[in-house]
Colleague: 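Here's a structure for you.
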Amino acid sequence: MSPGGGSEGQQVRLHRAFWRHWGTPAAIYGTIVYASVVAAASIENEDHESAVQVLVFSVVSIVVFWLAHVYSTALGFHGDADRLGDRMRDSLRHALRESSGMLEAAIVPSVPLLLAALHVLPVNLGVTLALWLTVLMLALLGYLVFLVRGRPVAVCLAGAVITGLFGVVVILLKTSLQH
């Protein structure tokens, strides 16, 4: 069956749409940065008041990283010799589109942090879930980029493992700093 037809073609289109939206370099970078900030901010913080601090610090940090990413992307795009006639507004629009994944990457791992801040989860569990969700997100993104390219399942799994390992390294660093 052709790549554009049938349920297999629809599945590939869905994966491409997902990848285009979430699988940008900014989303992967944002996921790793967010996990790193959560890990660093949560060391020695185990009460519910500190859960609010970890959540706020992590969200504010990713917003600052996102703003810096939007600014640098807009400047780079605007300064490109091929775009000298473009308006800054076009460069900013491009940068916002390219950088949105960085903010979106923080949504899923923020949920357990929010639940910990609301006393629904213990703080340690909220942080642990947030960090492992980033590993899962990274692994999924690593898997999908190869799947969209039509690679064999073994290659997709290798991509998942390699990409997910970035999050595992963050968890290992957090663990080593706490002990």
Side-chain angles (χ1 to χ4, degrees), residues 1-42 54-55 58-59 61-63 65-66 68-70 72-74 76-77 80 93-116 121 124-178:
M1 183 166 280
S2 70
S7 65
E8 187 176 316
Q10 289 173 335
Q11 189 177 28
V12 168
R13 282 193 302 276
L14 178 64
H15 291 153
R16 283 195 176 141
F18 179 81
W19 177 252
R20 200 173 319 129
H21 188 67
W22 279 75
T24 63
I28 293 170
Y29 178 70
T31 303
I32 295 166
V33 167
Y34 194 74
S36 299
V37 172
V38 168
S42 65
V54 169
L55 178 63
S58 300
V59 169
S61 294
I62 200 66
V63 169
F65 274 97
W66 173 74
H69 195 268
V70 167
S72 63
T73 301
F77 191 79
D80 188 338
R93 188 177 301 121
H94 167 79
L96 287 168
R97 192 172 41 254
E98 289 291 315
S99 302
S100 63
M102 185 176 277
L103 280 182
E104 293 163 355
I107 294 170
V108 171
S110 292
V111 171
L113 295 176
L114 179 61
L115 292 174
L121 293 176
N124 285 339
L125 180 59
V127 169
T128 299
L129 286 173
L131 293 175
W132 282 106
L133 280 171
T134 63
V135 172
L136 182 63
M137 288 170 53
L138 288 167
L140 181 61
L141 291 171
Y143 184 89
L144 287 176
V145 72
F146 290 103
L147 182 67
V148 167
R149 297 268 183 199
R151 301 299 189 254
V153 172
V155 173
C156 296
L157 290 173
V161 168
I162 291 167
T163 311
L165 281 175
F166 286 107
V168 171
V169 168
V170 170
I171 292 171
L172 292 174
L173 286 172
K174 178 188 179 340
T175 303
S176 70
L177 290 173
Q178 278 188 311

Colleague: Considering all heavy atoms of both residues, which atom of L131 and which atom of V38 are nearest to each other, and what is their separation?
Modeller: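 Where L131 meets V38 most closely, the heavy atoms are CD2-CG1, 4.0 Å.
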Colleague: So which atom in S42 and which in V127 form the shortest heavy-atom distance, rounded to 0.1 Å?
Modeller: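 Smallest interatomic distance, heavy atoms only, reads OG-CG1, 3.4 Å.
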Colleague: Do you know which two heavy atoms are closest between R151 and C156, and how far apart they sit?
Modeller: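 Heavy-atom minimum between the residues: O-SG, 3.6 Å.
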Colleague: Yes or no on side chain to side chain contact (heavy atoms under 4.5 Å, CB included) for F65 and Y34, after CA distance, side-chain angles and deciding distance?
Modeller: CA-CA 9 Å; F65 274 97; Y34 194 74; over 6 Å; no
Colleague: Do you know the tightest heavy-atom contact between S36 and V170?
Modeller: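 Looking at all heavy atoms of both residues, the shortest contact is OG-CG2, 3.5 Å.
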Colleague: Give the minimum heavy-atom separation between M137 and V108, together with the two atoms involved.
Modeller: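 In terms of heavy atoms, the two residues are closest at SD-CB, 3.7 Å.
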Colleague: Y143 and V153: side chain to side chain contact (heavy atoms under 4.5 Å, CB included), yes or no, with the steps?
Modeller: CA-CA 9 Å; Y143 184 89; V153 172; 4.3 Å; yes
Colleague: Report the distance from atom CG of L147 to atom CG of L157, rounding to the nearest 0.5 Å.
Modeller: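 Interatomic distance, L147 CG to L157 CG, rounded to 0.5 Å: 10.0 Å.
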Colleague: Would you sort out whether V155 and R149 count as a side chain to side chain contact (heavy atoms under 4.5 Å, CB included), showing the intermediate values?
Modeller: CA-CA 10 Å; V155 173; R149 297 268 183 199; over 6 Å; no
Colleague: Would you check if the side chain of S72 reaches a backbone N or O of H69 as a donor-acceptor pair within less than 3.5 Å?
Modeller: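 It does hold such a pair.
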Colleague: Minimum heavy-atom separation for S99 to T73, with atom names?
Modeller: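 Taking every non-hydrogen atom into account, OG-OG1, 4.0 Å.
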Colleague: I would like to know whether I28 and L138 meet side chain to side chain contact (heavy atoms under 4.5 Å, CB included); could you show each step before the answer?
Modeller: CA-CA 7 Å; I28 293 170; L138 288 167; 3.9 Å; yes
